[in-house]
Amino acid sequence: MSKVLSPVKVDAWISGEYKAPSSNRYFDDLNPLDDTVYAQAGWCTEKDVDQAVQSAHSAFQSYRNSLPKEREGWLCKAAELLEQRAGEFVEVLVDEGGSTLLKARFEIGFAQSILRAAAGMARNISGKTMPSDVPGRFSMSIRQPLGVVACITPFNIPLIKGIRLTANAMAIGNTTVLLPSEEAPVVATLIARLYQDAGFPKGSFNFVTGFGHEIGDSLTGHSLVRAVSFTGSSRVGQHIRKLCAEHGKNVILELGGKSPLVVLKDANIEKAAADAVFSIFINQGQVCMGASRIYVERPVFDDFLKRYVENTRKVGMGDLRDPTTMIGPLINQRQRDRVRSHIENAVARGARIETGGNWYGNRCEPTILTGVTPAMTVCREETFGPVTSVYPIDSVDEALALANDSVYGLSAAIYTSNITTALKFAQDIKSGMVHINAPTPQDEPHVPFGGVGESGVGREGPDGDIEALTEWKWITVQL
Ligand code: NAD
């Protein structure tokens with residue numbers, strides 16, 4: 001049962017106030033479980049984007065001089081408030097985004113950790129002193145915040161990304177304009193209230209709602225926006241990358257994936273078959289790091305597949321608020337059509353459904369395919385749903401070659417009891433992140449999170465964000 005609409009109408013948040021869209025139009029934000037209208041959000045235009053950027057730019061003039069202890073205090077307070085308001089966040093994540101309770105609680109807990117880790121960043125922007133060839137010269141370099149950072153987030157983890165992109169940027173003295181996914185504007189209002197109540201100055205955080213394909217370029221291309229921190233599809237990411245290159249802006253892109261999970265014959269098969277369930281089916285496969293390609297050494301292939309299918313058939317598809325439910329609805333019709341077409345295309349070309357393949361309303365059963373060939377779309381493209389393919393392999397070298405045969409390179413996993421083999425694989429794979437004997441989806445607030453190839457550019461996390469969202473200044477003193 002959907003809960004009370006809260007709020008029914010979402011306006012943009014500019015200079016610490018809600019602002020109706022200049023278009024005076026609102027779009028429907030649907031509950032993906034049954035496609036009923038959950039909320040209505042402002043159909044913002046270029047004009048609203050400009051106001052939000054101007055607000056962030058004007059706030060930056062004083063925010064840049066805020067003290068580390070102030071930013072640290074606001075971020076810690078925001079983490080505390082998020083903990084207190086967890087119930088409210090759960091309701092919105094479930095009803096607006098189709099999250100299960102399991103995934104909503106994970107997002108809330110992880111977002112708190114991100115805020116606390118961001119608080120630590122406030123004191124960690126360091127420069128250096130350097131020797132000089134000029135007699136009597138004292139030479140140093142400092143890092144300074146850039147200014148306005150545009151933060152653009154996807155639908156699948158709207159709280160984690162809405163917090164991470166903005167909190168890290170603001171921790172080091174930048175101000176922000178968030179463009180949340182059009183599927184998650186209500187989450188953005190909760191974030192705005194969190195920051196406001198935590199004490200962040202007006203204008204340091206702003207958001208606009210609307211459609212990225214209409215207003216995105218006016219945000220990323222705005223002359224006062226100094227950097228773009230984007231998480232979303234590779235297609236949109238590549239577009240933003242070109243635009244930022246043209247305008248000379250720094251960019252962090254966290255994009256799509258087709259992550260491989262490799263199981264060698266000396267692995268703990270029981271653990272691998274249990275982890276492979278979480279690796280792809282959590283959040284109904286709407287996970288950038290989802291293990292959508294599983295390579296298993298032939299001698300253990302049948303054993304792995306049998307256990308994997310058995311485990312997958314036990315995955316909960318009940319009430320979203322039941323803590324054992326793992327599979328919720330896919331976010332929208334476009335996404336459902338894509339998942340359906342990937343399964344149908346594979347089956348039409350000879351793949352076998354080992355389990356799953358059925359739909360219950362907007363939910364797709366967790367689906368395992370075998371007999372998948374490179375000619376099938378599911379083999380190479382990101383499905384972003386609860387679908388994976390299991391392939392037999394004859395050696396770790398073959399697994400590595402197949403794993404690397406992808407335009408993506410976000411996360412990877414290898415299961416083996418031979419640490420030398422595992423580390424060699426980890427070094428040789430084209431991937432931003434590799435996990436040995438652990439699932440592909442992993443994240444911690446302080447690690448360099450990100451991918452290579454079409455999976456992204458730059459790294460999220462303290463080091464990557466300080467690198468991309470501050471600039472060096474060289475200062476000398478003639479003694
Ligand atoms: P999407 O690319 O369709 O949309 C993401 C955001 O970009 C939305 O807010 C959208 O409004 C905005 N946008 C669209 N066009 C734009 C433009 N021209 N300029 C600026 N912004 C624009 O992605 P999605 O469907 O919301 O999310 C799913 C994708 O995100 C998947 O590919 C998934 O792998 C990826 N993802 C990656 C990570 C990661 O950390 N690597 C995490 C989560 C999701």
Peer 1: Quick check against the 3.5 Å criterion: does Asp29 have a side-chain atom that pairs as donor or acceptor with the backbone of Tyr38?
Peer 2: no
Peer 1: Does this structure show an ion pair linking Glu471 with Arg226, if we count only N-O contacts that are shorter than 4.0 Å?
Peer 2: yes
Peer 1: Taking all non-hydrogen atoms of both residues, which atom of Lys161 and which atom of Glu460 are closest, and how far apart?
Peer 2: NZ-OE2, 2.8 Å
Peer 1: Determine yes or no for a side-chain-to-main-chain donor-acceptor pair under 3.5 angstrom, with Asn206 supplying the side chain and Thr176 the backbone.
Peer 2: yes
Peer 1: Taking all non-hydrogen atoms of both residues into account, name the closest pair between Asp319 and Thr325 and its distance.
Peer 2: O-OG1, 2.7 Å
Peer 1: Distance check, rounded to the nearest 0.5 Å: Leu165 atom CG versus Met170 atom CE?
Peer 2: 11.0 Å
Peer 1: Any non-hydrogen side-chain atom of Pro260 less than 4.5 Å from a side-chain atom of Leu402?
Peer 2: no
Peer 1: Does this structure show an ion pair linking Glu354 with Arg313, if we count only N-O contacts that are shorter than 4.0 Å?
Peer 2: no
Peer 1: Any chance you could lay out the salt bridge (charged side-chain N to carboxylate O under 4.0 Å, His left out) test for Arg235 and Glu382, step after step, and finish with the verdict?
Peer 2: CA-CA 11 Å; Arg235 185 184 57 80; Glu382 184 180 43; over 6 Å; no
Peer 1: Please check this pair: side chain of Asn362 against backbone of Pro32, looking for a donor-acceptor N/O pair closer than 3.5 Å.
Peer 2: yes
Peer 1: What closest approach, in Å, do Pro158 and Ala184 show between heavy atoms, and which atom pair accounts for it?
Peer 2: CB-CB, 3.5 Å
Peer 1: Before giving the answer on side-chain contact (heavy atoms from CB on, under 4.5 Å), spell out for Met433 and Gln442 the whole-Å C-alpha distance, their side-chain angles and the decisive distance to 0.1 Å.
Peer 2: CA-CA 9 Å; Met433 305 176 281; Gln442 304 281 345; over 6 Å; no
Peer 1: Flag the pair Ile172 / Leu469 as yes when at least one side-chain heavy-atom distance between them is below 4.5 Å, and no otherwise.
Peer 2: yes
Peer 1: Check the surroundings of atom CD in Glu46: do more than 12 heavy atoms from other residues, nucleotides or ligands lie under 6.0 Å from it?
Peer 2: no
Peer 1: How about Leu194 and Phe205: do any of their side-chain heavy atoms sit closer than 4.5 Å?
Peer 2: no
Peer 1: Could you report the tightest heavy-atom contact between Leu255 and Ser234, atom names first, then the distance?
Peer 2: CB-OG, 3.6 Å
Peer 1: Strictly distance-based, threshold 3.5 Å: is any side-chain N or O of Asn31 a donor or acceptor partner for the main-chain N or O of Glu96?
Peer 2: no
Peer 1: Roughly how far apart are His222 NE2 and Thr220 OG1, rounded to 0.5 Å?
Peer 2: 11.0 Å
Peer 1: When you compare the side chain of Tyr415 with that of Pro439, does any pair of heavy atoms fall below 4.5 Å?
Peer 2: yes
Peer 1: Write down the atom of Val378, the atom of Ala346, and the distance for their closest heavy-atom approach.
Peer 2: CG1-CB, 3.9 Å
Peer 1: Rounded at 0.5 Å granularity, tell me how far CG in Leu264 sits from CZ in Phe425.
Peer 2: 8.0 Å
Peer 1: Can you find a heavy atom in the side chain of Ile343 that is under 4.5 Å from one in the side chain of Val387?
Peer 2: yes
Peer 1: Kindly check if the number of other-residue, nucleotide or ligand heavy atoms within 6.0 Å of CZ (Arg241) is above 12?
Peer 2: no
Peer 1: How about Arg363 and Leu33: do any of their side-chain heavy atoms sit closer than 4.5 Å?
Peer 2: yes
Peer 1: Could you go step by step and tell me if Asp322 and Leu101 meet the side-chain contact (heavy atoms from CB on, under 4.5 Å) rule?
Peer 2: CA-CA 7 Å; Asp322 176 335; Leu101 183 65; over 6 Å; no
Peer 1: OH/Tyr295 to OG/Ser395 distance, rounded to the nearest 0.5 angstrom?
Peer 2: 13.0 Å
Peer 1: Please answer whether the main-chain N or O of Glu365 pairs with a side-chain N or O of Thr367 as donor and acceptor at a distance below 3.5 Å.
Peer 2: yes
Peer 1: Determine, stepwise, if the pair Val396 / Ile414 fulfils side-chain contact (heavy atoms from CB on, under 4.5 Å).
Peer 2: CA-CA 10 Å; Val396 67; Ile414 181 163; 4.1 Å; yes
Peer 1: Output the distance between atom CH2 (Trp43) and atom CZ (Phe211), rounded to the nearest 0.5 Å.
Peer 2: 5.0 Å
Peer 1: Is the shortest side-chain N to carboxylate O distance from Asp95 to Arg321 below 4.0 Å?
Peer 2: yes
Peer 1: Please determine whether the number of non-hydrogen atoms from other residues, nucleotides or ligands lying under 6.0 Å from atom NZ of Lys306 exceeds 12.
Peer 2: no
Peer 1: Salt bridge or not between Glu107 and Lys103? Use side-chain N to carboxylate O under 4.0 Å.
Peer 2: yes
Peer 1: Are Ile429 and Asn404 close enough, and set up right, to give a side-chain contact (heavy atoms from CB on, under 4.5 Å), and what steps lead you there?
Peer 2: CA-CA 6 Å; Ile429 190 152; Asn404 278 343; 3.3 Å; yes
Peer 1: Counting neighbours of CZ on Arg298 that are heavy atoms of other residues, nucleotides or ligands and sit closer than 6.0 Å, is the number greater than 12?
Peer 2: yes
Peer 1: Looking at CG of Asn418 and NZ of Lys265, how far apart are the two atoms once the value is rounded to the nearest 0.5 Å?
Peer 2: 10.5 Å
Peer 1: Ignoring hydrogens and geometry, is there a side-chain-to-backbone donor-acceptor pair from Asn174 to Ala169 under 3.5 Å?
Peer 2: yes
Peer 1: Flag the pair Glu310 and Lys314 as a salt bridge only when some basic side-chain nitrogen lies within less than 4.0 angstrom of an acidic carboxylate oxygen.
Peer 2: no
Peer 1: Does Asp405 come within less than 4.0 Å of Arg293, counting only side-chain N to carboxylate O?
Peer 2: no
Peer 1: Quick one: does Thr388's side chain have a donor or acceptor within less than 3.5 Å of a partner on Ala291's backbone?
Peer 2: yes
Peer 1: Before we go on, tell me: are the rings of Phe155 and Phe384 under 6.0 Å apart, centre to centre?
Peer 2: yes
Peer 1: Decide, yes or no, whether a salt bridge links Arg307 with Asp303 under the criterion of side-chain N to carboxylate O below 4.0 Å.
Peer 2: yes
Peer 1: Checking Thr36 against Asp34 for the side-chain hydrogen bond (donor to acceptor under 3.5 Å, both in side chains) test, could you report, in this order, the C-alpha distance in whole Å, the side-chain angles of both residues, the deciding distance, and whether it holds?
Peer 2: CA-CA 6 Å; Thr36 51; Asp34 52 13; 2.7 Å; yes
Peer 1: Heavy-atom distance under 4.5 Å between the side chains of Thr153 and Thr231, does that happen here?
Peer 2: no
Peer 1: With a 3.5 Å distance limit and no angle check, can you tell me whether Tyr26 reaches the backbone of Lys9 through a side-chain donor-acceptor pair?
Peer 2: no
Peer 1: If you count heavy atoms of other groups shown closer than 6.0 angstrom to CZ of Arg105, is the number above 12?
Peer 2: no
Peer 1: Mind checking whether Tyr195 and Thr166 have side chains closer than 4.5 Å, heavy atoms only?
Peer 2: yes
Peer 1: Counting N and O atoms only, with roles assigned by atom type, does the side chain of Asp48 sit under 3.5 Å from a partner on the main chain of Ser22, one being a donor and the other an acceptor?
Peer 2: yes
Peer 1: So, does Thr440 use its side chain to make a donor-acceptor pair with the main chain of Met289 at under 3.5 Å?
Peer 2: yes
Peer 1: Tell me whether Arg193 is salt-bridged to Glu88, with the criterion being a basic N under 4.0 Å from an acidic carboxylate O.
Peer 2: yes
Peer 1: Any idea which heavy atoms bring Gly328 and Leu320 closest together, and the distance?
Peer 2: CA-CD2, 3.6 Å
Peer 1: Can you label the angle between the Phe110 ring and the Phe106 ring as parallel, tilted or perpendicular, going by 30° and 60°?
Peer 2: parallel
Peer 1: For the pair Lys258 and Glu454, find out whether any cationic side-chain nitrogen is under 4.0 Å from an anionic carboxylate oxygen.
Peer 2: no
